[in-house]
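As structure tokens, the structure follows; a few thoughts come after it.
Counting convention: from 1, in listed order, for ligands and their atoms alike.
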Amino acid sequence: MFAYQQDGRFFAQVARGLEELARTELEELGAQKVEISASGLHFCHDAAGLYRVNYCSRLVSRVLAPLAAFPCFSELALYDAARALPWEELLTPEKTFAVFAHVRESRITHSQFAALRLKDAIADHFRDHCGRRPDVDAASPDVWIHLSVRGNQAIVSLDTSNGSLHRRGYRKQSVPAPLQETLAAAMVRLSGWQGERPLVDPLCGSGTVLAEAFMHYCRIPAAFKRERFGFAALPDFDLRSWEEMRRGCDAPRRELPEGLIRGSDSDRQAVAACRENLREIPGTRGVAVERKDFRDLPGIAGATILCNPPYGVRVGEREGALALAREFGDFLKQRCSGSTAYVLCGSQEMVKAVGLKPARRFIMYNGPLECRLLKIEIY
Ligand SMILES: C[S@@+](CC[C@H](N)C(=O)[O-])C[C@H]1O[C@@H](n2cnc3c(N)ncnc32)[C@H](O)[C@@H]1O
């Protein structure tokens, strides 16, 4: 019996800074005993609940089902313990698999080496038991195995999401610095927007904020386009319960009133990417997208404004990004009265450049970059 079958406990990975938001979301999705820990949250749920979290969560990056935890003082201990696990309950020689490892404060110093040992253990287990082994497919495996080694303790898990959940499936085209879908969803959630007034992204890029706001408003599950989930490999996977749960989550959709969500961008390619991405989501015809420099907009009054101006992380781009942030701050102050803006800033300098006193600020990480989401009330 695998570890998750004994205690019904799973682990949700989230971007740093989103833990409290994700706790609330997991509880809304029926999770019990939600506890925040390093890089994510532990929670308990039944099988249908695990499917629901994977299908509906907008903030969680990945859900792991722990298979086994064991002491791991050396790579040999890792190999021996892993080889003894009942892998045939998850995999067959006809399927493909991949291993992702993360090692910290351990005698095994390289994550890639740990991943390789676990891969060998799985392959040798199959050779012992059936003379054939499943192949590795690092890009698109049927089964993702996750290994975490912290100090002298290893946890081997199945990735029940089958790759990061931020890959919703609607992003066909991109821009140089697209916002991650889970972060865009967090911005929508933090804004508290429920459709009571227009939502506008005047620097919409490839349209991630618009897409996430649309799915939130129309109650479309975040993973509605996803075809494969890792939980289907679990030995207790219940197809009927998954299909029933999916039908239930798909049912309460609603239409978007024309123009309630709109965006613009000065870049022709960004606007084309945004339109193409939105077309991937049924019902988005009512989302208005135009090519426009925000400096040429008449203003945005009485709206919720959500955006991430360019951070200018690369050398040579910083000054331009700060100058743009200054102009954007002026635009908000002078032409957006009655609106509430949520502006994601990639540095403290950028916060200063926007130059408006935030009513609140939230810290969230875009990969390794510490960002601040400013809530600005414009009177
Ligand atoms: C960091 S990107 C936004 C990414 C977007 N959230 C996404 O998910 O793809 C910033 C965007 O601001 C746009 N931009 C830069 N200067 C602008 C201006 N003056 N007016 C309108 N858009 C501008 C860029 O073209 C770029 O698409």
Around [atom], find the nearest protein heavy atom and jot down its residue, atom name and distance.
atom: atom 23 (C) of ligand 1; result: S266 OG, 3.2 Å
atom: atom 25 (O) of ligand 1; result: D265 OD1, 2.6 Å
atom: atom 9 (O) of ligand 1; result: S206 OG, 2.6 Å

Inset, instruction - Report, as yes or no, whether the 6.0 Å neighbourhood of atom CD on Q112 holds more than 12 heavy atoms from other residues, nucleotides or ligands. - result: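 No, because the 6.0 Å sphere around CD of Q112 holds 12 heavy atoms or fewer from other groups.
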
Under 4.0 Å from ligand 1, counting heavy atoms only, is it the side chain of [X], its backbone, both or neither?
X: C204; value: backbone
X: L324; value: side chain
X: P202; value: backbone

Salt bridge check, [Y] against [X]: does any charged N sit closer than 4.0 Å to a carboxylate O?
X: E181; Y: R168; value: no
X: R295; Y: D293; value: yes
X: R58; Y: E25; value: no
X: D142; Y: R228; value: yes
X: D124; Y: R127; value: yes
X: R117; Y: D120; value: yes

Inset, instruction - May I ask whether K292 places a heavy atom under 4.0 Å from ligand 1? - result: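 Under 4.0 Å: yes for K292.
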
Inset, instruction - Look at ligand 1 and say whether C307 reaches it with a heavy atom at a distance under 4.0 Å. - result: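 C307: no contact with ligand 1 (<4.0 Å).
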
List ligand 1 atoms under 4.0 Å from [X], heavy atoms only on the residue side.
X: R295; value: 19 (N)
X: A177; value: 1 (C), 2 (S), 4 (C)
X: D267; value: 25 (O)
X: T208; value: 7 (C), 8 (O), 9 (O)
X: G205; value: 5 (C), 9 (O), 27 (O)

Legend entry - Closest to atom 19 (N) of ligand 1 among L203, D293, N308 (heavy-atom distance):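 It is D293 whose heavy atom sits nearest to atom 19 (N) of ligand 1.
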
Inset, instruction - Any ring pair (Phe, Tyr, Trp, His ring centres under 6.0 Å) involving residues 344-379? Give me the pairs, sequence neighbours left out, ordered by first then second residue. - result: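 Every candidate ring pair (Phe, Tyr, Trp, His ring centres under 6.0 Å) pair involving residues 344-379 fails, so no pair, neighbours aside, qualifies.
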
Legend entry - Lys NZ or Arg CZ of R132 over F126 ring: under 6.0 Å, within 45°: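 The answer is no, since R132 fails at least one limit relative to F126.
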
Inset, instruction - Sequence neighbours left out, what pairs pass salt bridge (Lys or Arg N to Asp or Glu O under 4.0 Å) with at least one residue falling in residues 281-291? - result: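 Found none.
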
Inset, instruction - Please indicate whether any nitrogen or oxygen in L179 is less than 3.5 Å from any nitrogen or oxygen in ligand 1. - result: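 Looking only at distances, the answer is yes, because the N/O contact criterion of under 3.5 Å is met.
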
Legend entry - Contact check: F294 vs ligand 1, nitrogen or oxygen atoms, below 3.5 angstrom: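 Yes, there is a polar N/O contact under 3.5 Å.
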
